[in-house]
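Below you'll find the structure, written out as structure tokens, and then a few comments.
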Number of protein chains: 4
Amino acid sequence: MDFKKSQTIYMQIADFICENILSEKIKAGDKIQSVREMAASIQVNPNTVMRTYSYLQEQEIIFNKRGIGYFVSDDAAQKMKNIKKEEFIQSYLPELFKNMDLLGIDFGDLEKIYRKQSNGSH
Amino acid sequence: MDFKKSQTIYMQIADFICENILSEKIKAGDKIQSVREMAASIQVNPNTVMRTYSYLQEQEIIFNKRGIGYFVSDDAAQKMKNIKKEEFIQSYLPELFKNMDLLGIDFGDLEKIYRKQSNGSH
Amino acid sequence: MDFKKSQTIYMQIADFICENILSEKIKAGDKIQSVREMAASIQVNPNTVMRTYSYLQEQEIIFNKRGIGYFVSDDAAQKMKNIKKEEFIQSYLPELFKNMDLLGIDFGDLEKIYRKQSNGSH
Amino acid sequence: MDFKKSQTIYMQIADFICENILSEKIKAGDKIQSVREMAASIQVNPNTVMRTYSYLQEQEIIFNKRGIGYFVSDDAAQKMKNIKKEEFIQSYLPELFKNMDLLGIDFGDLEKIYRKQSNGSH
DNA sequence: GTGGTCTAGACCACC
DNA sequence: GTGGTCTAGACCACA
């Protein structure tokens, strides 16, 4: 795992886990890697992973069973989708459309790029 | 002016100025506010504004006449458009499409939101 | 049985047993549930129950007959009352009164709540 | 400042700050000690103080001005009082009354102790 | 084995 | 100067 320097490591780990939940690689009720395991496998300090897990627990995306480990919450995927969708529509998209406007890109251009990029990834 | 905590203040000021150039509220050759004026008007430490101007000067978007002030470069708008367009297509859009995919938003949904939000802003 | 996360599980089990002794649901000389029975009935690791019993044995509230099980000590109820009463008056109450003071709750308020809550539980 | 071992240090620092707000030693809008100052003055690692401040910021009791420091929120005292009062009445008091019942302390006894302890502190 | 807290010390960006 | 993040390493209680 390699990290961008533009964002904090612990947040990138959180995003990584969230994506795995959204794409159902890990599901509700699953135990996730222990702090130490994760730290070793991505070559990061355990404290940093601890920070990620604390953050995700706060968001109620994962929960802790004492002495056993962290587990994915029941409604984690759905909850995340709702939160992120809302945020996406309320904050991200207006920003997008404003930028398109300023840069002189219209919706047709966007669609062309979309078709091209989604073909590339299939 | 109110700042998001997710980004640095000096960069938000830079974005603000860039938008004004792109939308041609300020044009090539125009003098922009002095560091002190700007700092006072948006209630920010002059050092912070200074950092913004230094950054924009580095990008050759503005230039300095000693003892007089900062001015918008001749080809600022065009240069910015090119740089930002490239960045937009190469970095921003792929990220966007990936997020849409994860959140289960397809291109049709996007278009609907676009129509709605652009109506709202007219 | 559901556990608060603010306290350790083994101590919550200990409290639960103590309350049963104080309220005389289990009495001096009674055999208490075996470690395994208790563990199964409250869905907890047997080690955790073992830890509870060791703790209570240390406090001389229960004692062990090898190969038979754990039993409530003769003077358990009385002993516990004395210990807990002391602790209650020396540590718990001063804390309580300090908090009342900070929160602007006077003794009259406390009495009202007391009357209300004791009615509710009868 | 000396810490109990029964509670985490960073929480004891938080409580200490909260009490100072409740008792109006520090008021809304006041800047609190910087992380490093506080750490030095109470002889604790800066990370530990950082943890306290992050926690209090999450609770919206203090807020951060970038590069300047932490400040007490406008409605900090009132907000805390409400939260703590609710918690006190809903969780703390029922516990208290249950214990009194088990220990055979009635409300008259409690009042006597209250009178004695409040005289002692004046 | 698990998480959780703490220290010491470093580095960074920002104001 | 300010906060914020990260590492390394330790210790502890709990399951």
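Every chain is numbered from 1, with letters handed out A, B, ... down the list of sequences.
Here A:Asp30 pairs with nothing under the salt bridge (Lys or Arg N to Asp or Glu O under 4.0 Å) rule; sequence neighbours left out. Remark: C:Tyr10 pairs with no residue by the ring-ring contact (aromatic ring centres under 6.0 Å, His included) rule, at least two apart or across chains. Under the rule for a salt bridge (Lys or Arg N to Asp or Glu O under 4.0 Å), the partners of C:Asp75 that lie at least two apart in sequence or sit in another chain are C:Lys79. Under the ring-ring contact (aromatic ring centres under 6.0 Å, His included) criterion, D:Tyr92 pairs with C:Tyr92, D:Phe88, not counting sequence neighbours. The side-chain contact (heavy atoms from CB on, under 4.5 Å) test applied to B:Arg36 returns B:Ser34, not counting sequence neighbours. With sequence neighbours excluded, the residues satisfying salt bridge (Lys or Arg N to Asp or Glu O under 4.0 Å) with D:Glu19 are C:Lys98.
With a 3.5 Å limit on both pairing distances and Watson-Crick or G-U wobble geometry required, the stems of 3 or more pairs in DNA chain E span E:1-14 with F:1-14.
Comparing A:Lys5 and A:Glu37 against DNA chain E, the residue whose closest nucleotide sits nearer the 5' end is A:Glu37.
Screening residues 12-46 of chain D for ring pair (Phe, Tyr, Trp, His ring centres under 6.0 Å), with sequence neighbours left out, gives no hits.
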Readout for nucleotides 3-9 of chain E: B = base within 4.0 Å of protein heavy atom, S = sugar-phosphate only, - = neither; 5' to 3' it is BSBBBBB
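Scanning both residues, A:Cys18 and A:Ile61, for their nearest heavy atoms gives SG-CD1, 4.3 Å.
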